[in-house]
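Positions are given from 1 along the sequence. The analysis underlying the following values was restricted to heavy atoms, covering all of them including side chains, and did not include hydrogens, waters or symmetry mates.
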Amino acid sequence: GPPLNTFARLRRDDPVAWCDYADGKGFWSVTRHADILMLNRDTELMSSAQGIRMEDQTYEEYLARRTFQETDPPDHTKVRRLLQKAFSAPVVQQLDRKSTRLNSS
């Protein structure tokens, strides 16, 4: 049912579609996994560095609200390397065990 049927139709009939947005700039809707992976690697073709929000904003607002997802390599890669160890599987498992113990007591 919805929304699964809608996404199945989009993946089949219109996997990369431009969507107008009345209250701001439009956006690309990309619904196939392989297309998303390809676009994530090709920042010349599609970039997050100009923002990922749909509403219009000034450059100053963009800079003030900018997140990790709104960066492309090499900036994204530098930050990712800094955070990689903190979010590794062993560290997350250890945090999960601590959380479970705290919640059960």
Side-chain angles (χ1 to χ4, degrees):
L4 299 178
N5 291 343
T6 300
F7 282 107
R9 181 186 54 76
L10 287 170
R11 283 190 298 274
R12 183 187 65 241
D13 299 336
D14 203 6
V16 180
W18 177 256
C19 301
D20 289 321
Y21 181 66
D23 295 330
K25 58 185 172 184
F27 60 94
W28 287 102
S29 173
V30 183
T31 55
R32 288 192 304 210
H33 185 256
D35 295 332
I36 293 167
L37 290 178
M38 186 273 298
L39 289 169
N40 278 341
R41 291 181 176 96
D42 189 346
T43 57
E44 295 280 325
L45 186 58
M46 192 169 290
S47 171
S48 298
Q50 298 302 310
I52 59 173
R53 295 171 189 4
M54 293 186 340
E55 72 272 7
D56 284 333
Q57 56 188 353
T58 66
Y59 183 70
E60 289 76 20
E61 290 171 323
Y62 157 71
L63 288 177
R65 297 173 63 189
R66 187 172 152 191
T67 66
F68 175 62
Q69 291 112 335
E70 294 168 284
T71 60
D72 289 333
D75 296 333
H76 185 88
T77 308
K78 289 176 190 174
V79 174
R80 189 172 173 170
R81 280 192 186 120
L82 291 171
L83 296 173
Q84 194 168 4
K85 185 175 180 183
F87 290 95
S88 67
V91 172
V92 171
Q93 288 168 357
Q94 182 179 10
L95 291 171
D96 187 44
R97 285 192 296 274
K98 286 181 183 179
S99 174
T100 300
R101 283 195 306 266
L102 288 173
N103 289 329
S104 64
S105 51

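- The two atoms that bring E70 and I52 nearest to each other are OE2-N, 3.1 Å, heavy atoms only.
- The two atoms that bring F87 and V92 nearest to each other are O-CG2, 3.7 Å, heavy atoms only.
- Judged by distance alone, the side chain of N103 and the main-chain N or O of S99 form a donor-acceptor pair under 3.5 Å.
- For the pair T71/V79, no side-chain contact is recorded, criterion being any heavy-atom separation below 4.5 Å from C-beta on.
- Here the closest non-hydrogen pair linking Y62 and Q50 is CE1-C, 3.9 Å.
- Around CZ of F7, the count of heavy atoms belonging to other residues, nucleotides or ligands within 6.0 Å does not exceed 12.
- Take R9 and apply the salt bridge (Lys or Arg N to Asp or Glu O under 4.0 Å) test, not counting sequence neighbours, and it matches no residue.
- Residue L83 is not grouped with residue V91 when hydrophobic side chains (ILVMFWY) are merged at heavy-atom distances under 4.5 angstrom, including chains of intermediate members.
- Atom CZ of R11 has more than 12 heavy atoms from other residues, nucleotides or ligands within 6.0 Å.
- Rounding to the nearest 0.5 Å gives a distance of 11.0 Å between CZ of R32 and CG of L10.
- Using cut-offs of 30° and 60° for the angle between ring planes, the W28 and W18 rings count as perpendicular.
- Atom CZ of R101 is separated from atom NZ of K98 by 7.5 Å, given to the nearest 0.5 angstrom.
- The two atoms that bring R65 and R53 nearest to each other are O-NH2, 2.8 Å, heavy atoms only.
- Side chain of T6 to backbone of P2: no donor-acceptor contact under 3.5 angstrom is found.
- Put simply, the side chain of L37 reaches to within 4.5 Å of the side chain of R41, judged on heavy atoms.
- Smallest separation of non-hydrogen atoms from V16 and D35: CG2-OD2, 3.9 Å.
- With sequence neighbours excluded, no residue satisfies salt bridge (Lys or Arg N to Asp or Glu O under 4.0 Å) with D72.
- For the residue pair L39 and L45, the shortest heavy atom distance occurs at CD2-CD2, 3.7 Å.
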